Amino acid sequence: MLDPREQKMLDGLERLDRKTVLDLLTETFTAGGSYQLGELIQRVLEEVGRSWEEGRLSLAQVYMDGVICEEAVRKILPADLMENPSLPRVGTAVFLDYHGLGMKIVSSLVRSAGYPLRDAGPGVGIEEILSFVEEENIQVLLLSVLMLPSALAVKALVEQMAQRCPGVKIVVGGAPFRLKDDLWREVGAHRMGRNGADIFAILQDLREELP
Amino acid sequence: MKQPMTSMERVLCTLGHREPDRVPLFLLFSLYGAREAGLSVKEYFSKPENVIKAQIHLKKKYQTDCYYTFFYGAVEVEAWGGEVIFYPEGPPNSGESILRHGEDIDSLEVPDLSSCPSIRRVIEVTRELSSAARGETPLIGVVMSPFSLPVMQMGFEAYLNLLYFDRPRFDRLMDINRRFCLDWAAAQLQAGATAICYFNPLASPDMIDRNLYLTTGYPVDVSTCAGIKGPIATHLASGRVLPVLEDIIRTGSGVIGVSGIENPGVIKGKAKGKITVLGNLNGVEMPWWSLEETAGKVEEVIREAAPGGGFILSDSHGEIPWQVPEAVLRQISETTLDKGRYPVMVED
């Protein structure tokens, strides 16, 4: 259940009303700092994710909501406060595929919440991802896939990651994982997100498991 | 003894919302033909004779009721000069966007179909399979909806920004894509395609909310479907159908592909007498199905959606994945032949 302020922000997002969202987030930051700002964004975007899951919002709307929030946060926070160094370092990659919309949505949400985030980009393979994780000191890797063969190839990545970068947690998302519920476990991933906003709960959960 | 219907008779009967001898089965084999032929995906689609041979062989092997001349969606991107990336054991994808900036739309022209080798190969496959079918098997050609094609032309993110914030260029792109789509559908029908499968994933409210769709893509779909001079099957490629079902019916489409997350019986209830339901076995799950599960899934869909005709058994996405074992496909076929005989009597 959203409180009136959260509902007002959700209504603003639904109308693509950037000004209302920016004003509301600015007020929240002024009164409660970056913690309350992140809390508000998470609460509202989790509701957005649930609405998509239940068929009440489209992917296009979810995408626009993430973009509006990210834009607002960039305007409110000084660049050096965008990233909270006490949060785990998150890496993103579109694994073997080139359709990056899902990952763009997740990236917007994760950035809005203050996680330090680095992106390996689309169409990357196992070796590129391993190097990326090492160079950027990634602690949680978010992988998006579109095709079934790419989803199956995650297994080899998980195995090699365990050898080269033990302790790194791998979270997967994308159509094959949505269409086959237990596929993420079969390929050895640590978590699976059914929608972009799942990432907040997953990251919170994983923070306790990180070395 | 009464002769079984030909595939064409069976399909026409069910499209007329009557019960044929048994439920028609459309196993939509595209890249699966490469697996069957022992070729790489790229090699397989490089020669029309590979596809022709595999289609004829697969139809006999699994007693499926159509030929499917679809290669891969990105064939249409090749027509516009775009690149295609081939993967082992998966569908080819479009590569770098052909429309990198909004201004690129200002100078965009409809490409000449005959200058694209992969388009010519699809046409040759259609012509040869039409000849082999002798009117007894329907041939399903494929086009992308003008509204969904831009995801491959410019990337999804850039397309959403166009859709929301640059309506004049969106309208111009739709006009060009519509003309391309009509040319491409006409070429396939002329080569012998019986019907056109109109892939339109963005019409699903999973992707674009219905209100936005009705004011942007829908008018384009209505006018495009009206211009296609043959029967149309609309497929939302795993996207939910129910909230836009009536809209799709009004485009004149005769068939609707149903997603794996929807109840085909519910869709059938709404569609009865108006549009034939195609679906909805979950292709992503198929590689892990046991034979018992397979039979159970087929029986369940038949029980839900087959009574009264107006139903074709198929997968939910419009393509059988490479990873599906032969035994599962055989079980789908055998169960359909057995439990799909009309009047259907499948125990709950």
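The basis for the numbers below is simple: all heavy atoms, side chains too, and nothing from hydrogens, waters or symmetry mates. In what follows, every chain begins at residue 1, and chains take the letters A, B, ... in the order their sequences are listed. These figures come from a predicted structure and were not determined experimentally.
- Once rounded to the nearest 0.5 Å, the distance linking CD of B:Glu89 with OG of A:Ser150 reads 11.5 Å.
- For A:Arg50, the CZ atom sits in a packed shell: over 12 heavy atoms of surrounding residues, nucleotides or ligands are nearer than 6.0 Å.
- B:Ile85 touches chain A through its side chain: at least one heavy atom from C-beta onward sits under 4.5 Å away, while N, CA, C and O do not.
- Close approach to chain A, defined as a heavy atom under 4.5 Å from one of its heavy atoms, is seen in B:Val151, B:Phe156, B:Glu157, B:Leu160, B:Asn161 of residues 147-161 of chain B, taken by number.
- Considering only heavy-atom pairs separated by less than 4.5 Å from chain A, the leading option among B:Trp288, B:Tyr87, B:Tyr213 is B:Trp288.
- Proximity to chain A is limited to the side chain of B:Asn93, based on heavy atoms less than 4.5 angstrom apart.
- Going from atom CE of B:Met207 over to atom CH2 of A:Trp52 covers 8.0 Å, rounded to the nearest 0.5 Å.
- Put simply, the side chain of B:Pro287 reaches to within 4.5 Å of the side chain of A:Leu148, judged on heavy atoms.
- Proximity to chain B involves both the backbone and the side chain of A:Leu179, based on heavy atoms less than 4.5 angstrom apart.
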- Message: Run B:Val284 and A:Arg178 through side chain to side chain contact (heavy atoms under 4.5 Å, CB included) and show every step you take.
- Response: CA-CA 10 Å; B:Val284 172; A:Arg178 286 176 52 79; over 6 Å; no

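- For the pair B:Pro321/A:Met147, no side-chain contact is recorded, criterion being any heavy-atom separation below 4.5 Å from C-beta on.
- Heavy-atom neighbours of chain B within the stretch residues 2-25 of chain A, taken at a separation under 4.5 angstrom, comprise A:Leu16, A:Arg18.
- Within the 4.5 angstrom heavy-atom criterion, only side-chain atoms of B:Gln323, from C-beta onward, approach chain A.
- Atom CD1 in B:Ile208 sits 8.5 Å away from atom CD in A:Gln61 (nearest 0.5 Å).
- When all heavy atoms are compared, the tightest approach of A:Pro149 to B:Gly90 is CG-CA, 3.5 Å.
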